[in-house]
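Read through the structure below, which is laid out as structure tokens, and then see the notes.
Note that the structure is predicted; figures quoted are calculated from it, not measured.
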Amino acid sequence: MGSIGEAKMVGFVCRLCSKIKTVVIHLYSARAKKLNLLHKIKLLPISLEKYDDLPKTVCESCIEKLDLQYRLLMRIRHSDMLYKAHERYHANGNCPIECPMHSNEY
């Protein structure tokens with residue numbers, strides 16, 4: 001038998017979709033920490049406070065969607081960084097070999 005913090009809880013309301021689910025993960029458990037849930041949720045346009053009266057659990061379906069959204073956001077940020085670096089490397093319209101986008105075609 002594992003610790004309470006690692007256990008999946010049954011019959012709770014999901015903080016993200018507001019549905020009652022049979023399997024959820026508590027936001028402040030070791031499992032949630034391993035999944036980086038708090039960080040990913042804080043990127044959403046919602047308020048999340050540890051001691052408020054709102055649900056502290058998230059269902060597996062929302063975790064999957066949150067992970068997809070997080071990966072997309074990280075990909076967008078990475079692309080933006082590449083484009084900005086690309087602009088900094090340019091002089092007279094040439095793309096030097098040191099540019100991170102040198103081999104990428106438009």
Side-chain angles (χ1 to χ4, degrees):
M1 185 171 187
S3 72
I4 293 175
E6 295 174 339
K8 290 186 178 181
M9 299 179 190
V10 178
F12 287 88
V13 176
C14 175
R15 173 66 170 88
L16 301 179
C17 69
S18 300
K19 294 181 181 176
I20 296 174
K21 298 290 186 155
T22 56
V23 179
V24 295
I25 295 177
H26 194 279
L27 287 173
Y28 299 98
S29 68
R31 176 84 172 129
K33 187 174 185 175
K34 184 177 179 182
L35 295 171
N36 208 13
L37 284 183
L38 286 176
H39 174 71
K40 293 173 183 178
I41 290 172
K42 288 182 180 182
L43 296 173
L44 298 173
I46 63 171
S47 174
L48 184 66
E49 301 294 330
K50 188 171 185 173
Y51 299 106
D52 62 18
D53 292 330
L54 300 173
K56 302 293 184 272
T57 54
V58 178
C59 71
E60 290 178 330
S61 176
C62 284
I63 290 171
E64 290 173 12
K65 292 173 187 168
L66 185 63
D67 191 50
L68 288 172
Q69 181 243 345
Y70 180 76
R71 285 189 275 153
L72 176 61
L73 179 61
M74 293 300 105
R75 185 175 188 176
I76 291 168
R77 286 182 177 177
H78 178 75
S79 294
D80 186 56
M81 179 190 69
L82 286 177
Y83 292 134
K84 288 177 181 174
H86 180 67
E87 288 178 343
R88 286 192 303 267
Y89 276 99
H90 283 254
N92 301 326
N94 294 324
C95 187
I97 198 164
E98 299 85 22
C99 178
M101 295 188 67
H102 177 73
S103 62
N104 289 349
E105 295 293 326
Y106 290 101

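Atom NE2 of His78 has 12 or fewer neighbouring heavy atoms from other residues, nucleotides or ligands inside a 6.0 Å radius.
Minimum heavy-atom separation, Ala32 to Leu27: CB-O, 3.3 Å. Cys14 and Cys62 get closest at one heavy-atom pair: SG-SG, 3.7 Å.
Two different hydrophobic clusters hold Leu43 and Leu38 under the rule that ILVMFWY side chains link at heavy-atom gaps under 4.5 Å. Tyr28 and Ile46 fall within the same hydrophobic cluster, defined by Ile, Leu, Val, Met, Phe, Trp and Tyr side-chain heavy atoms under 4.5 Å apart, directly or through other members.
The distance from atom CD1 of Ile63 to atom CD1 of Ile25, rounded to the nearest 0.5 Å, is 3.5 Å. With rounding to the nearest 0.5 Å, the separation of NZ in Lys56 from NZ in Lys50 is 10.0 Å. Of the inter-residue distances, the one linking Leu16 atom CG with Leu66 atom CG reads 6.5 Å to the nearest 0.5 angstrom.
Side-chain contact check for Arg15 versus Ile41: every heavy-atom pair is 4.5 Å or farther apart. Using a 4.5 Å heavy-atom cutoff, the side chains of Cys17 and Ser61 are not in contact.
Each of Val58, Thr57, Val13 was checked for a side chain to side chain contact (heavy atoms under 4.5 Å, CB included) with Val24, and the lone residue meeting it is Thr57.
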Would you mind writing out the side-chain donor-acceptor pairs for residues 67-74 within the sub-3.5 Å range, not counting sequence neighbours?
unit_1: Asp67; atom_1: OD1; unit_2: Lys40; atom_2: NZ; d: 2.9
unit_1: Asp67; atom_1: OD2; unit_2: Arg71; atom_2: NE; d: 3.2
unit_1: Asp67; atom_1: OD2; unit_2: Arg71; atom_2: NH2; d: 3.3

